[in-house]
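In what follows, a structure is listed as structure tokens, so that the remarks can point back to it.
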Amino acid sequence: MVQLSREETFLLLTCRPDLTPSDDVRLQRIVDSDLDWSFVLWRAESYQTLPLCGFHLNRLALLPGHQNGSSTTYICGRSCRRRGARYNSVALVNF
């Protein structure tokens with residue numbers, strides 16, 4: 001059986017538009033662990049799944065500062081701006 005890292009599991013979970021409740025719990029556990037966010041963001045940008053990653057993080061309120069609205073860094077900012085899209089509110093992450 002193939003063993004995936006937490007980062008790879010995160011990327012596979014967040015590349016789908018719909019997650020089951022058990023996948024939601026699994027994603028929350030992964031985000032609560034010590035992820036290599038640089039690797040995750042780099043691969044998500046390569047796979048062009050940054051908006052989906054942001055969607056799931058926002059949907060599950062897994063963003064740091066999400067409760068008080070103090071998040072400042074756009075997870076999909078660089079990728080989306082380069083294409084001229086306006087997805088800056090999709091997900092905010094404060095690293």
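We use all heavy atoms of the structure for the numbers below, so side chains are in, but hydrogens, waters and symmetry mates are not.
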Roughly how far, to the nearest 0.5 Å, is [atom2] of [Y] from [atom1] of [X]?
{"X": "S33", "Y": "E7", "atom1": "OG", "atom2": "CD", "value": "7.5 Å"}
{"X": "L60", "Y": "F55", "atom1": "CG", "atom2": "CZ", "value": "8.5 Å"}
{"X": "L52", "Y": "L11", "atom1": "CG", "atom2": "CG", "value": "11.5 Å"}

Which residue is it: V31, L27, L62, D18? I am looking for the one with a side chain to side chain contact (heavy atoms under 4.5 Å, CB included) to H56.
L27

Applying ring-ring contact (aromatic ring centres under 6.0 Å, His included), can you list everything that pairs with Y47, at least two apart in sequence or on another chain?
none

Check side-chain contact (heavy atoms from CB on, under 4.5 Å) between [X] and all other residues, then give those that pass, not counting sequence neighbours.
{"X": "L12", "result": "L4"}
{"X": "R29", "result": "V25"}
{"X": "S22", "result": "T20"}

By salt bridge (charged side-chain N to carboxylate O under 4.0 Å, His left out), R6 pairs with (sequence neighbours left out) none

Residues passing the salt bridge (charged side-chain N to carboxylate O under 4.0 Å, His left out) test with R16, sequence neighbours excluded, are D23

What I'd like to find out is whether the side chain of F10 reaches to under 4.5 Å of the side chain of W37, using heavy atoms alone.
yes

Mind checking whether L19 and R26 have side chains closer than 4.5 Å, heavy atoms only?
no

Counting only N and O atoms by type, is there a donor-acceptor contact under 3.5 Å from the side chain of S5 to the main-chain atoms of E8?
yes

Determine whether more than 12 heavy atoms belonging to other residues, nucleotides or ligands lie under 6.0 Å from atom CZ of R43.
yes

Those residues at least two apart in sequence (or on a different chain) that pass side chain to side chain donor-acceptor pair (under 3.5 Å) with Q28 are none

